[in-house]
Amino acid sequence: MASKLMQLQSKAKQASQFVGKHGCEYYKQLMEKNKQYVVEPPTIEKCQDLSKQLFYTRLASIPGRYEAFWKELDGVKQIWRNRKELKVEDAGIAALLGLELYAWFCVGEIVGRGFTLTGYYV
């Protein structure tokens, strides 16, 4: 246990030194690359205004997303009604999509349990 702790401390020290040496340079490159997204002057008030603007913009987009959802649902209903005419390729794609969704669900469950396969920590 003590040797693992020493290894962890050593790796943390190396990471800290790397960030100390290269962190400022990375920050400058990142800000230079994305300067078109920075609102001048970058103040707390501007950040609060932008977050409020984002919130209300997303709120205003709900009706459009609601309509898009119902259009998609109508398309799925239409496919289900005409399932006799469904091609094998389309059924295979749908099956693969279902399998992928299930796999991501399982990954989310594992992450939610704290990266254990056996169960939740109690």
Side-chain angles (χ1 to χ4, degrees):
M1 180 71 174
S3 66
K4 295 247 184 210
L5 183 61
M6 294 299 285
Q7 288 176 346
L8 186 61
Q9 285 177 336
S10 172
K11 289 188 187 253
K13 184 178 178 182
Q14 289 173 353
S16 175
Q17 288 173 345
F18 180 81
V19 169
K21 189 181 285 186
H22 300 289
C24 191
E25 179 182 323
Y26 174 74
Y27 173 78
K28 287 177 184 176
Q29 287 176 351
L30 183 69
M31 293 307 292
E32 183 63 32
K33 183 178 166 185
N34 297 299
K35 66 183 173 185
Q36 72 268 20
Y37 301 115
V38 177
V39 176
E40 293 295 333
T43 62
I44 293 173
E45 291 81 19
K46 282 284 188 185
C47 291
Q48 290 170 340
D49 289 343
L50 287 172
S51 67
K52 197 178 287 187
Q53 192 176 17
L54 175 65
F55 174 76
Y56 286 107
T57 302
R58 287 186 184 263
L59 205 59
S61 73
I62 288 176
R65 288 191 272 158
Y66 182 77
E67 289 174 18
F69 168 76
W70 287 111
K71 283 182 184 177
E72 287 289 327
L73 188 61
D74 287 340
V76 170
K77 286 180 184 177
Q78 188 67 28
I79 290 171
W80 184 252
R81 283 188 205 117
N82 299 331
R83 65 183 177 268
K84 301 276 187 209
E85 301 167 10
L86 195 63
K87 295 184 224 168
V88 174
E89 294 89 17
D90 295 335
I93 289 171
L96 285 175
L97 176 65
L99 185 64
E100 182 183 2
L101 289 173
Y102 179 71
W104 280 113
F105 168 78
C106 291
V107 168
E109 280 291 309
I110 291 169
V111 169
R113 287 191 296 245
F115 297 97
T116 66
L117 297 175
T118 56
Y120 292 95
Y121 293 120
V122 180

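Using cut-offs of 30° and 60° for the angle between ring planes, the Phe18 and His22 rings count as tilted.
Between Glu32 and Lys35 there is a salt bridge, since at least one side-chain N of the basic residue sits less than 4.0 Å from a carboxylate O of the acidic one.
With hydrophobic clusters built from ILVMFWY side chains whose heavy atoms lie under 4.5 angstrom apart, Tyr56 shares a cluster with Ile62. Note on Tyr66: it clusters hydrophobically with Leu73, by side-chain heavy-atom contacts below 4.5 Å among ILVMFWY residues. Placement of Val88 and Ile79 in two distinct hydrophobic clusters is found when ILVMFWY residues are connected by side-chain heavy-atom separations under 4.5 Å, directly or transitively.
Taking CZ from Arg65 and CD from Glu72, the interatomic distance works out to 14.5 Å, rounded to the nearest 0.5 Å. Annotation: the span from Gln29 atom CD to Asn34 atom CG amounts to 11.5 Å, rounded to 0.5 Å. Rounded to the nearest 0.5 Å, atoms CD1 (Ile93) and NZ (Lys87) are 9.5 Å apart. Distance check: Ile44 CD1 to Gln48 CD gives 7.0 Å after rounding to the nearest 0.5 Å.
Remark: side-chain polar atoms of Ser16 are not paired, donor with acceptor, to backbone N or O of Lys13 under 3.5 angstrom.
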Fill in: side chain to side chain contact (heavy atoms under 4.5 Å, CB included) evaluation trace for Asp49 with Lys52
CA-CA 5 Å; Asp49 289 343; Lys52 197 178 287 187; 5.6 Å; no
Practice prompt. Might you work through the side chain to side chain contact (heavy atoms under 4.5 Å, CB included) test for Glu100 and Leu96, ending with a clear yes or no?
Written response: CA-CA 6 Å; Glu100 182 183 2; Leu96 285 175; over 6 Å; no
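Residues Lys46 and Glu40 share a closest heavy-atom pair of CE-O, 4.2 Å.
More than 12 heavy-atom neighbours from other residues, nucleotides or ligands sit within 6.0 angstrom of CZ on Arg83.
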